[in-house]
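These notes concern the structure reproduced below.
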Protein chains: 2
Amino acid sequence: MPSQDHMKQALQTYVDALNAADAATVTGLYADDAVIEDPVGHPPISGRAAIEEFYANAIAGGAKLTLDAPIRGSHGDRAAMAFTVDVPGMRVHAIDVMTFDAEGKIVRMEAHWGPDDIET
Amino acid sequence: MPSQDHMKQALQTYVDALNAADAATVTGLYADDAVIEDPVGHPPISGRAAIEEFYANAIAGGAKLTLDAPIRGSHGDRAAMAFTVDVPGMRVHAIDVMTFDAEGKIVRMEAHWGPDDIET
C-alpha cells in the first residue's frame, strides 16, 4: 500500500501540474488501466488514451485548481481533496477521491460535484 | 435517485445533529443495512445496532464538526463534504462521502482521514 506521504504528494502534484498545464505529469500519476468518473454519476472513462484526452481538454479549457482545505489521506489506499476549479466563465466546487495501487499509481478517480456546484 | 437538495440537506443535518448531540437524528439518516467505513481502510461496520453504537460513542466523546467548504453533490447518488472534527484533545481533518438509496437514506458512509490528519 502506498504511504500517506506518497498519496498526498500525488494529489498535490496533480493540482500543481494541472495549474502548470503539464498534462504529461498529471497523466503520469495514473496507472495505464485507470478509471476516471468525473463527475460521479456519469459513465466512467478508462485507459491511457482516454485519460490523456480528458486532461488535454481540461488544460485546453484553462482549468485552474485551488485547494479548499488540506488534502486528506486514509488508513487504506485512498486520498481525497476538496477544491475549486476555475475555468473562464465558470467555477466548480468538487471533492476528488483517488484510489492507488501498490505501485503508487492512481487506479481510480471519482469527482464529486453536482449541477448545483457550478457557478457561472 | 435522491435530489441534490435532499442529499446536501442530509449532510448538513448530519453535521448539525451531531453538534447538537442528537444521535437519533443522525442515525435516522441511515438505512437499516447501511455500511460505515470510518476511517477508509479499517473494517466497515454495518446495521442499525452498530451504527447507533458508533454515533453514541462519537457524541459521548464530545465530537463537534465544522465544515471546511460547501457540501458537494454529484450527478448520481453521492454527496461529499470536507470537515474538521474537534474532540477534547484532538482534531481530525476528514472528507466523508455518503451514498444514498432511492428512498433518500444513506446506505454507505466512507470517511477519508489518515494517521497524519490527526492533530493532538
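Quick caveat: nothing in here was measured; it's all calculated off a predicted structure. A, B, ... follow the sequence lines: proteins, then strands. Residue 1 opens every chain.
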### Query
Are B/Met90 and B/Ile95 connected in the hydrophobic side-chain network, where two residues link if heavy atoms are under 4.5 Å apart?
no
### Message
My understanding is that only residues two or more places apart in sequence, or in another chain, count here; which of them pass side chain to side chain contact (heavy atoms under 4.5 Å, CB included) with A/Ile59?
### Response
A/Leu18, A/Ala21, A/Ala23
### Task
Check each atom of A/Ala82 against the heavy atoms of chain B and say whether the ones under 4.5 Å are side chain, backbone, both or neither.
both
Pairs of donor and acceptor atoms, chain B with chain A, under 3.5 Å:
from, atom 1, to, atom 2, distance (Å)
B/Lys8, NZ, A/Asp117, OD1, 2.5
B/Val40, O, A/His75, N, 2.8
B/Val40, O, A/Gly76, N, 3.3
B/Asp68, OD2, A/Arg72, NH2, 2.6
B/Arg72, NE, A/Ala94, O, 3.1
B/Arg72, NH2, A/Asp68, OD2, 2.6
B/Arg72, NH2, A/Phe83, O, 2.9
B/Arg72, NH2, A/Ala94, O, 3.2
B/Gly73, N, A/Asp117, OD2, 2.8
B/Gly73, O, A/Trp113, N, 3.2
B/His75, N, A/Val40, O, 2.8
B/His75, ND1, A/Trp113, O, 3.0
B/Gly76, N, A/Val40, O, 3.3
B/Arg78, NH1, A/Glu110, OE1, 3.1
B/Phe83, O, A/Arg72, NH2, 2.9
B/Ala94, O, A/Arg72, NE, 3.1
B/Ala94, O, A/Arg72, NH2, 3.2
B/Glu110, OE1, A/Arg78, NH1, 3.1
B/Trp113, N, A/Gly73, O, 3.2
B/Trp113, O, A/His75, ND1, 3.0
B/Asp117, OD1, A/Lys8, NZ, 2.5
B/Asp117, OD2, A/Gly73, N, 2.8

### Contacting region of A/Met81 [heavy-atom separation from chain B under 4.5 Å]
backbone
### Query
What part of A/Pro70 lies closer than 4.5 angstrom to a heavy atom of chain B: side chain, backbone, both or neither?
neither
### Query
Hey, which of B/Gly41, B/Gly76, B/Ala94, B/Ala80 has the most heavy atom pairs under 4.5 Å with chain A?
B/Ala94
### Message
Membership question, hydrophobic clusters at under 4.5 Å side-chain separation (ILVMFWY): are B/Ile71 and A/Val92 in the same one?
### Response
no
### Query
What part of B/Ala69 gets closer than 4.5 Å to chain A, counting heavy atoms only: side chain, backbone, both or neither?
side chain
#### Entry: Hydrophobic cluster identity match, B/Val26 and B/Val15, side-chain contacts under 4.5 Å
yes
### Query
Any link between A/Met7 and A/Val97 through a network of hydrophobic side chains (Ile, Leu, Val, Met, Phe, Trp, Tyr) touching at under 4.5 Å?
no
### Query
Transitively linked via ILVMFWY side-chain contacts under 4.5 Å: A/Leu11 with A/Leu67?
yes
